Number of protein chains: 2
Amino acid sequence: MNEAVSEPVLDPGVRVGERVYRALRHRIVMGELEPGERLSVPALARALGVSRSPVRDAVLQLVREGLAAETLNRGAIVASISRNDLVSLYEAREALEGMAARLATPNFTHELRRRLLTILTEHDEAVAGGDFDRHIEVDAAFHFQIRAAAGSPVIARMLDEIQGKVMIAMRSTSVSGGMDRAVQDHRRIFEAIAAGDPDASEAAARRHIARLTELLRTDG
Amino acid sequence: MNEAVSEPVLDPGVRVGERVYRALRHRIVMGELEPGERLSVPALARALGVSRSPVRDAVLQLVREGLAAETLNRGAIVASISRNDLVSLYEAREALEGMAARLATPNFTHELRRRLLTILTEHDEAVAGGDFDRHIEVDAAFHFQIRAAAGSPVIARMLDEIQGKVMIAMRSTSVSGGMDRAVQDHRRIFEAIAAGDPDASEAAARRHIARLTELLRTDG
DNA sequence: GTCGCCAACACTGCATGCAATGTTTGTAAG
DNA sequence: CTTACAAACATTGCATGCAGTGTTGGCGAC
């Protein structure tokens, strides 16, 4: 744990603590750090070539965000997201994605139409090719466009937080089913937004998430 | 670092940093620290009789939570919640309170019925007496009971975060109107939950918040 | 061979040092 | 009296020291 310091895996940013936070968050949601893995402040500081202060700041933020959990006098570990946690997260997500779709509807532009159609096409290809990772990526891109169009920083931030935890959980629980269903759902959401119907947009977005929640509750 | 240290305004807790965080958060949402007021780490450390480290931790958490804002190399200040921020907060709140009411409906118990009825009675009295502060307090208690009954830690946490910012904003923007209307809305929510109708519960809760949002958009 | 104790270790959380940086105040020139 | 400049001051963010505490690994007793 020494030579790798040459590539500190820290985005060029401003505050060291913030950079450490982003790097750790990225590694957690990307699965490079697995749930249960210890986040030892001295070890991370050595690995990243910085002192313990900014690392401690970063870990504290991760704990408060729910991406890390404190253990009994043994420091923090990467959080494990249980099946129950995931259900609770999806309940919140259903409400927020629904509202985001509703708010995005009056903001529909040609540019958004173009982007969403591109994403839908790529999604079709990913599903046809059975590319699960690409599916995950394109799925996230679709929802990202909608919540950007919603123009609500509060909702966007909350959905980001939810998504981080969901991505942790997705690696442990195989929610592999329903790739094709997701594309259908997305297309319905798109059509409702394009039609300028806020109620239909919200309903479609909620059904989409609710379907995933149901998958979680039943499918093991 | 003198006489005022005798009453450090810190709940007896565990970690000093956490206690400082709670104390500062309490003072911010309660209006003891006004928006724009500087949160100087050394000054707070002196005032609270601790070192700068835990105070710095606390301020960082407040910034990330949105209750404080960083200024350009002059430390953090208590956040100001603008009218636009408030609208965005209420959009998220509408979605989440609605979902909370929906989820609370199947969990309705005699105990919850008793508590909500007590709160509604107290709310009537507060409105009849024109007691605005009491109205705020009882209003918060009503929503707290519902989101506790919802049993979703994710939604509860998000609504807590929203409420903190809303309380800051309420002191600067006079959203005094609609005390009586709030009680009516609450009673409708209660009745829908008591009737065991999730759709009606969610709709009633959303209308309640949407009404407040509309008040914000129109009323200056 | 197994169990229990003890010592060395590692880590956490608070305190403090320190360089860099921005602000403010005082002073002098115009 | 206003303006420009400079020096002292305050604060931030990172680094490091240090005491308290829990864990771990080894060694001896049974």
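Labels below follow one simple rule: chain letters A, B, ... track the order of the sequence lines, proteins then strands, and each chain is numbered from 1. Predicted model only: the values in this text are computed from it and were never measured.
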Checklist entry - With a non-hydrogen cut-off below 4.0 angstrom, is A:Leu44 in contact with a base, only sugar-phosphate, or nothing? => result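 Answer is nothing: A:Leu44 stays at 4.0 Å or more from every strand.
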
From C-beta outward on [X], which listed nucleotide comes closest to its side chain: [options]?
X       : options                : answer
B:Arg52 : D:dA15, D:dC14, C:dA15 : D:dC14
B:Val16 : D:dC14, C:dC14, C:dA15 : C:dC14
A:Ser51 : D:dC14, C:dT12, C:dG13 : D:dC14
B:Ser40 : C:dG13, D:dA15, D:dT11 : D:dT11

How many whole angstroms separate atom [atom1] of [X] from atom [atom2] of [N]?
X       : N      : atom1 : atom2 : answer
A:Leu48 : D:dA15 : CG    : P     : 11 Å
A:Leu39 : C:dT12 : CG    : C1'   : 14 Å
B:Arg19 : C:dC14 : CZ    : P     : 8 Å
B:Arg15 : C:dC11 : CZ    : P     : 18 Å
A:Leu62 : C:dT12 : CG    : P     : 14 Å
B:Leu60 : C:dC14 : CG    : P     : 14 Å
B:Glu18 : C:dT12 : CD    : P     : 17 Å
A:Arg46 : D:dA15 : CZ    : P     : 14 Å

Checklist entry - Is there a side-chain polar atom (N or O) of B:Arg56 under 4.0 Å from OP1 or OP2 of D:dC14? => result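 For D:dC14, OP1 or OP2 has a side-chain N or O of B:Arg56 closer than 4.0 Å.
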
Item to check | SB check B:Arg206 A:Glu202 (cutoff 4.0 Å) | outcome: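 Salt bridge: yes.
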
Next on the checklist: Check this for me: does any side-chain nitrogen of one of B:Arg211 and B:Asp185 sit under 4.0 Å from a carboxylate oxygen of the other?
Outcome noted: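 Yes, charged N to carboxylate O under 4.0 Å.
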
Checklist entry - Toward the 5' end of DNA chain D, which comes first, B:Pro42 or B:Ser53, by nearest nucleotide? => result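 Between the two, 5'-proximity favours B:Pro42.
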
Checklist entry - Between A:Gln163, A:Met158, A:Arg157, A:Met99, which is the residue that forms a side chain to side chain contact (heavy atoms under 4.5 Å, CB included) with A:Arg147? => result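 The option that passes is A:Gln163.
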
Checklist entry - Taking all atoms of both residues into account, what is the closest heavy-atom pair of A:Lys165 and A:Ile81, and its distance? => result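 Taking every non-hydrogen atom into account, O-CG1, 3.5 Å.
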
Checklist entry - Does B:Arg64 count as lying over the ring of A:Tyr21, i.e. NZ or CZ under 6.0 Å from the six-ring centre, within 45 degrees of the axis? => result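 Yes, B:Arg64 lies over the aromatic ring of A:Tyr21.
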
